[in-house]
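All remarks here apply to the structure that follows.
Quick caveat: nothing in here was measured; it's all calculated off a predicted structure. Proteins come first, then strands; the chains are lettered A, B, ... in the order of their sequence lines, and each starts at number 1. Any value given below was found using the heavy atoms of this structure, including those in side chains, with hydrogens, waters and symmetry copies removed.
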Amino acid sequence: MTVRTRFAPSPTGFLHIGGARTALYCWLESRRRGGEFILRIEDTDRERSTDEAVKAILDAMHWLGLDADEGPFYQTQRLERYKQVADELVAAGKAYYAYESKDEIEAMREAAMAKGEKPRYNGYYRDRNESFREDPNRVIRFRNPSEGSVVFDDKVKGRIEWANSELDDLVIFRSDGWPTYNFAVVVDDIDMGITEVIRGDDHVNNTPRQINIYHALGAQVPEFAHLPMILDKEGKKLSKRTSAVSVMDYRADGFVPHALLNYLVRLGWSHGDQEIFSREQMIALFDIADVNKAASRFDTEKLAWLNQHYLKTDEPRSLVAEFEWHLERAGIDTAHGPAPVDVIVALRDRVHTLKEMAERAKIWYAPIAEWDDKAVVKHLKNDSAVAVLDAAKSLLGACEWKPEPIHQVIEQVAAKLELGMGKIAQPLRVAMTGTQVSPSIEHTIYLAGRVEALKRIDAAIAMAQG
RNA sequence: GCUCCCUUCGUCUAGUGGCCCAGGACACUGCCCUCUCAAGGCGGGAACACGAGUUCGAGUCUCGUAGGGAGCACCA
């Protein structure tokens, strides 16, 4: 039987980090085993689901490169099917109509709590065999077994056993005519032939009751794998207030998809001491059975390290499109100025993100906005600065315009004036950028372009003499 | 309250009874390299939650304790 996994988000917000990792693990598990990956949108909560959220999730999945083989399927389009299955269950005596109001249910829960018991349905209609009637409170409840226990072997958590006496008769069809989550998922997973249910471990508690529904429906129970949560730096639940949670926020912050994927795959899973994984390696090596049981914390600094790793090692051309997206967002006009690919080469081992790179790239696309006074005083207002700038200017006017020849020019200036590189590079750096920090001097000059570089040297000479 | 789950350096993790006075990575830190900033190279400090038990031997098995988490909805 071919392996089929699915990612089933509810469209009530953006794709967040935890969801992205779940999607990644589902995707990897299906890819490694030559199976299929299905995307399903769980939108039965009509109040909270939105089309914008659906689009945001799809966009994020696409940006990450987690392509689905089937779907997206929408639960709202499968209402008739859920009705049909629920009716079958009622007809077979495995589910029944119940007519308590929400207030009555609430009172029931409070009474149970007061007695120190688990709040649950008291089973009033369980054996009353009431027939269908029009009633605003009409729901369908599943007749959960009252004896024995449910056992399953979770691929992450191990063996879990649950006494049926702990479970009550859950509502599978609400009074508003929509199925509930626990019912819809089971029907969907059966219909879609899902063999591996991989999801967050907040669903562990739902699993026994879902297994009972599988049994009632006479369906094969899939394998389950419940992933531990991802916490924030403080070990608290990830929340928008304390950290970036949306995948697309990470894009805006300048991370590349591969780095995020690599970070996520290592959060809760490992392969010996290996830290860096190409997509192919992830697919070949990942195994859901090797995932850790404990929750883990999201560490942006390690993500940043991985991001820089990919900025440094990826083919620069492959980063251009994403980098241009950031340049545009930073309000930079690239009509004039260096080729973005050259900027990437000059800056990639000096920044951790593409956002930072775009910020630093500004000095080559627009005039120097402000001069760092300390830099000017230290490197331009001294005995040798003017001579250095003059010498550089005349040689740069004629050399081939590439980093290597420019480097030769710098060395010639140093030799001619009998000065160390520090005395040569710093005045030129201030001339080019207005600051004392930038990439290697030959790249800094190269990126400015010959005309602009000479203009900036002239301006610096004027300043040095002024 | 009840049920279920979790617990190795600050963080992510390796470890499936002896190879572990616990290995790697991020972060931090010392030195080297160096035109600035980085990057890079070589070092350093840093952990088996606690207590019993099983065993010749326990991070690894069992049981308790403590701490953390999830769920107990006509939300997914």
Side-chain angles (χ1 to χ4, degrees), chain A residues 8-12 42-45 47-49 75 98 100-102 105-106 109 112-121 137-141 154 156-158 160-163 165-168 170-182 184-185 199-208 226 228-229 231 233 235 237 263 266-276 292-306 308 312 347-352 360 375 379 410 414 420-430 433 435-442 444:
Chain A
S10 59
T12 55
E42 309 217 321
D43 53 355
T44 52
D45 183 350
E47 308 240 318
R48 301 197 301 146
S49 301
Q75 290 190 321
E100 285 95 351
S101 68
K102 288 181 186 177
I105 297 296
E106 184 55 33
R109 300 181 65 234
M113 286 283 263
K115 281 196 287 181
E117 287 168 7
K118 235 168 155 169
R120 16 177 227 184
Y121 181 60
N137 291 327
R138 185 191 67 247
V139 299
I140 298 176
R141 284 184 182 271
D154 193 281
V156 171
K157 304 277 182 181
I160 294 176
E161 179 166 4
W162 217 285
S165 57
E166 293 296 329
L167 270 23
D168 64 355
L170 72 156
V171 170
I172 59 175
F173 244 86
R174 305 197 292 242
S175 55
D176 68 1
W178 285 94
T180 58
Y181 164 77
N182 278 304
V185 210
R199 76 230 301 194
D201 71 2
D202 45 331
H203 289 293
V204 172
N205 307 271
N206 290 323
T207 306
H226 287 97
M229 298 193 74
L231 277 12
K233 206 169 168 46
K237 204 167 179 170
Y263 180 72
R266 277 287 286 100
L267 196 60
W269 173 84
S270 64
H271 182 256
D273 289 341
Q274 188 170 346
E275 296 288 348
I276 304 298
N292 287 158
K293 297 176 176 190
S296 44
R297 302 182 190 204
F298 194 90
D299 179 10
T300 311
E301 291 186 322
K302 187 158 183 181
L303 204 213
W305 172 76
L306 276 165
Q308 185 182 50
K312 283 188 306 194
L347 285 173
R348 61 181 178 170
D349 49 28
R350 270 158 250 268
V351 298
H352 288 98
R360 298 245 208 138
H379 300 295
I410 305 296
M421 279 301 272
K423 285 284 185 189
I424 306 297
Q426 286 305 80
L428 282 166
R429 194 177 324 270
V430 177
T433 69
T435 72
Q436 32 189 343
V437 176
S438 84
S440 68
I441 193 60
E442 65 267 25
T444 303

*Sequence neighbours left out, what passes salt bridge (Lys or Arg N to Asp or Glu O under 4.0 Å) with A:R266? Give chain and number order.*
A:E275

*What is the nucleic acid contact for A:K157, judged by heavy atoms within less than 4.0 Å: base, sugar-phosphate only, or nothing?*
sugar-phosphate

*Give one of base, sugar-phosphate or nothing for A:V171, where a contact means two heavy atoms less than 4.0 Å apart.*
sugar-phosphate

Can you find a side chain N or O atom of [X] that sits less than 4.0 Å from OP1 or OP2 on [N]?
X: A:K293; N: B:C6; value: yes
X: A:S296; N: B:U11; value: no
X: A:T44; N: B:A76; value: yes
X: A:R174; N: B:C75; value: yes

With [atom1] as the reference atom in both, quote the distance from [N] to [M] in angstrom, rounded to an integer.
N: B:C20; M: B:U36; atom1: C1'; value: 45 Å
N: B:C9; M: B:A49; atom1: P; value: 7 Å
N: B:C72; M: B:C63; atom1: P; value: 28 Å
N: B:G18; M: B:A22; atom1: C1'; value: 13 Å
N: B:A14; M: B:G71; atom1: C1'; value: 32 Å
N: B:A38; M: B:G69; atom1: C1'; value: 41 Å
N: B:U11; M: B:A27; atom1: P; value: 16 Å

_Strictly by Watson-Crick or wobble contacts shorter than 3.5 Å, is anything paired with B:C28, and which nucleotide is it?_
B:G44

*Opposite nucleotide pairing with B:G1, Watson-Crick or G-U, both atom distances under 3.5 Å*: B:C72

Residues in side chain to side chain donor-acceptor pair (under 3.5 Å) with [X], at least two apart?
X: A:S101; answer: A:E104
X: A:E161; answer: A:S149, A:R159
X: A:R429; answer: A:Q426, A:S438
X: A:R48; answer: A:D45

*asked:* I'd like to know if A:Q274 reaches the base of B:G24 with its side chain such that a donor and an acceptor end up less than 3.5 angstrom apart.
replied: no

*Please check if any side-chain donor atom of A:T207 sits under 3.5 Å from a side-chain acceptor atom of A:R199, or the reverse.*
yes

Side chain of [X], heavy atoms from C-beta onward: which of [options] has the nearest atom to it?
X: A:D45; options: B:A14, B:C75, B:G24; value: B:C75
X: A:N292; options: B:A14, B:C74, B:C4; value: B:A14
X: A:Y181; options: B:U3, B:A76, B:C12; value: B:A76

*Along nucleotides 27-45 of chain B, 5' to 3', which nucleotides get a B, which get an S, and which get a -, given that the test is a protein heavy-atom distance under 4.0 Å?*
S-------BBBBSS-----

*asked:* Nearest 0.5 Å, please: how far is CZ in A:F173 from CZ in A:R141?
replied: 15.0 Å

_Could you work out, with ring-ring contact (aromatic ring centres under 6.0 Å, His included) as the rule, every residue matching A:H203, not counting sequence neighbours?_
A:Y181

_Sequence-distant partners of A:F298, ring-ring contact (aromatic ring centres under 6.0 Å, His included), two or more places apart_ = A:Y250, A:Y263

Atom pairs, protein N/O to nucleotides 67-72 of chain B N/O, distance under 3.5 Å:
from	atom 1	to	atom 2	distance (Å)
B:A70	O2'	A:N205	ND2	3.4
B:G71	O4'	A:N205	ND2	3.1
B:C72	O2'	A:P119	O	3.1

*Which residue, A:F298 or A:R48, contacts RNA chain B at a nucleotide closer to its 5' end, judged by nearest heavy atom?*
A:F298

_Option among A:D201, A:N206, A:D154 that satisfies the side chain to side chain donor-acceptor pair (under 3.5 Å) test with A:H226_ = A:D154

